[in-house]
**Q** 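Below you will find the structure I want to go over with you.
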Amino acid sequence: MISNIRTDYKKEGFTRENLVENPIELFREWFKAALENERYDPNAMSLATVNNLGYPSCRIVLLKEISEMGFTFFTNYESRKGQEMEANNRVAATFFWPEMERQVRIRGYVEKISEERSDSYFSSRPIDSQISAIVSSQSKPIEDLSPLREHAIRIKEENQPIKRPENWGGYIIFPSKIEFWQGGANRLHTRFEYRLEDNNWKIKQLAP
Ligand SMILES: Cc1cc2nc3c(=O)[nH]c(=O)nc-3n(C[C@H](O)[C@H](O)[C@H](O)COP(=O)(O)O)c2cc1C
């Protein structure tokens, strides 16, 4: 029975003493722990965008870089999310690290990263992934995958260096709010929210 599924969170141990001034630093610490402890895709995050009618859409993307400025991921600029972010650059992203009993929620706005940095990441990808980015008009309706597979084979047979398509690249999320959640006993979880105010991070604890 779904209603009987119940996890007891026991890790705890997240207190005000663990807080540092800059939440990106704390995120790096938590991410390091996630890399060491999570079995699957510790860099997977759900990314929420909003369309022009105000409907949110959520999907998983992979975090590829953390910097002082924010969080970078890569996608097709003409995909559904790409179009939504073009019209409204406000987004939210959530990480869930079950082994650590942790969640991190980010709110902010996105900007495309430079073409040079997208080129550089694109060229570091396996060749088959590079080719897939070329043949797939992400989010467009298709009959089936066979034309895409055939196109990919033709490109591979040409045996030429692959250039990043212009419609594919990175976005950086500049955070304005980051919340850290640590599971606690009896559902009394610990939540600390950082909010950017006049270029300073203000911290509040929130009720679970
Ligand atoms: C584990 C996982 C990782 C994914 N990583 C990415 C990614 O980094 N970039 C991306 O564009 N889509 C990624 N996807 C696919 C997206 O969830 C989504 O299907 C796709 O981007 C199309 O979304 P859209 O139609 O809302 O634009 C991933 C899916 C999963 C399950």
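Just so you know, ligand 1 is whichever comes first in the structure, and atom 1 is the first atom listed for that ligand. Side chains are part of it too, since the values below use all heavy atoms of this structure and drop only hydrogens, waters and symmetry mates.
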**Q** I'd like the residue list for ligand 1, meaning every protein residue with a non-hydrogen atom under 4.0 Å from the ligand.
**A**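 Residues within 4.0 Å of ligand 1: Asp41, Arg59, Ile60, Val61, Leu62, Phe74, Thr75, Ser79, Arg80, Lys81, Gln138, Ser139.
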
**Q** Atom NZ of Lys81 and atom CG of Leu47: how far apart are they, to the nearest 0.5 Å?
**A**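 Nearest 0.5 Å value for the NZ-CG distance: 7.5 Å.
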
**Q** Are Glu78 and Ser137 linked by a side-chain donor-acceptor pair shorter than 3.5 Å?
**A** no

**Q** For Trp30, which of Phe14, Phe96, Phe95 qualifies under ring pair (Phe, Tyr, Trp, His ring centres under 6.0 Å)?
**A**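 Only match with Trp30 under ring pair (Phe, Tyr, Trp, His ring centres under 6.0 Å): Phe14.
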
**Q** Which atoms form the tightest heavy-atom contact between Glu38 and Met100, and what is the distance?
**A**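 In terms of heavy atoms, the two residues are closest at OE2-N, 3.1 Å.
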
**Q** Please report the interatomic distance CZ(Phe174) to CG(Asn89), rounded to the nearest 0.5 Å.
**A**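 Phe174 CZ to Asn89 CG: 10.0 Å, rounded to 0.5 Å.
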
**Q** Do the side-chain N and O atoms of Ser118 and Arg164 include a donor-acceptor pair separated by under 3.5 angstrom?
**A**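 No pair is found: no donor N or O on one side chain lies under 3.5 Å from an acceptor on the other.
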
